[in-house]
Amino acid sequence: MAERSLRGMSIGAKSLESDDNVDFAARKDVTYVCPQGHRTILPLSADVEAPESWECRCGQIAHREDVDDVADENGSKPQRTHWDMLMERRTEEELSELLKKRLKMHEDGWIPDYE
């Protein structure tokens, strides 16, 4: 009976379909770099927003490589720090003069010493 058994493909192991005339979804490659220098390239769908960070294979958080170079797709400006806003209003020379003036006021007793 063993010699008459049918031999065939294992079910699910191989597909009988081919990739001919198949249109795949549009994709984009997003690159993430961790602090140790590992680069991870993820193929994502073209119509999704890529996350800003991704967990690297070493366990650290990797950030997108192109975030610093390119503004967001929606055109929003990068976040400004307090220092950026201060430098829009004053020069470093003006800030130096203000610091000297405030230190002098502190030494003369105009500004109380908080402890």
Side-chain angles (χ1 to χ4, degrees):
M1 185 92 162
E3 51 198 50
R4 293 181 53 189
S5 65
L6 294 175
R7 296 188 179 214
M9 296 177 45
S10 55
I11 297 175
K14 297 178 184 171
S15 174
L16 298 177
E17 295 183 18
S18 68
D19 291 339
D20 296 339
N21 300 323
V22 175
D23 292 330
F24 294 105
R27 298 195 177 272
K28 63 181 176 182
D29 289 337
V30 180
T31 305
Y32 294 90
V33 180
C34 81
Q36 292 188 0
H38 300 133
R39 296 183 79 214
T40 304
I41 300 173
L42 297 176
L44 298 176
S45 177
D47 57 347
V48 298
E49 184 175 339
E52 297 297 321
S53 61
W54 192 266
E55 185 175 352
C56 182
R57 63 181 179 262
C58 66
Q60 295 189 12
I61 301 297
H63 295 282
R64 283 179 46 188
E65 188 175 53
D66 61 347
V67 168
D68 295 335
D69 299 336
V70 180
D72 292 340
E73 290 88 20
N74 59 6
S76 65
K77 294 181 181 178
Q79 184 176 5
R80 296 186 306 169
T81 63
H82 293 291
W83 180 253
D84 294 334
M85 289 184 270
L86 181 64
M87 293 307 291
E88 289 175 4
R89 296 189 310 265
R90 305 207 185 258
T91 64
E92 287 191 40
E93 291 80 22
E94 291 174 325
L95 292 173
S96 177
E97 291 175 24
L98 286 173
L99 177 62
K100 290 176 187 175
K101 181 179 177 182
R102 295 298 281 186
L103 288 174
K104 179 68 173 154
M105 289 174 67
H106 182 67
E107 291 170 1
D108 292 342
W110 284 88
I111 302 175
D113 194 14
Y114 297 104
E115 292 183 22

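Positions are given from 1, in the same order as the sequence printed here.
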In Å, rounded to the nearest 0.5 Å, how long is the span from [atom1] of [X] to [atom2] of [Y]?
X: R89; Y: L95; atom1: CZ; atom2: CG; answer: 9.0 Å
X: Q36; Y: C58; atom1: CD; atom2: SG; answer: 4.0 Å
X: T40; Y: W54; atom1: OG1; atom2: CH2; answer: 9.5 Å
X: K28; Y: D47; atom1: NZ; atom2: CG; answer: 8.5 Å

Legend entry - Minimum-distance pair of heavy atoms, taken over all atoms of S45 and R27: N-NH1, 4.3 Å
Legend entry - Where L44 and A50 come nearest, the two heavy atoms and their spacing: CD1-CB, 3.8 Å
Inset, instruction - Tell me whether V48 is reachable from V30 by hopping between hydrophobic residues (I, L, V, M, F, W, Y) whose side-chain heavy atoms are closer than 4.5 Å. - result: yes
Inset, instruction - Report yes if some heavy atom in the side chain of D84 is under 4.5 Å from a heavy atom in the side chain of M87; otherwise report no. - result: no
Legend entry - Within 6.0 angstrom of R102 CZ, more than 12 heavy atoms from elsewhere: no
Legend entry - From CA spacing to verdict: side-chain contact (heavy atoms from CB on, under 4.5 Å), E65, R39: CA-CA 9 Å; E65 188 175 53; R39 296 183 79 214; 3.0 Å; yes
Legend entry - side-chain contact (heavy atoms from CB on, under 4.5 Å) partners of S96, counting only residues at least two apart: K100
Legend entry - salt bridge (Lys or Arg N to Asp or Glu O under 4.0 Å) partners of residues 90-99, not counting sequence neighbours, each pair once: none
Inset, instruction - Indicate yes or no for a side-chain donor-acceptor contact from Y32 to the backbone of L42 under 3.5 Å, with no hydrogens or angles considered. - result: no
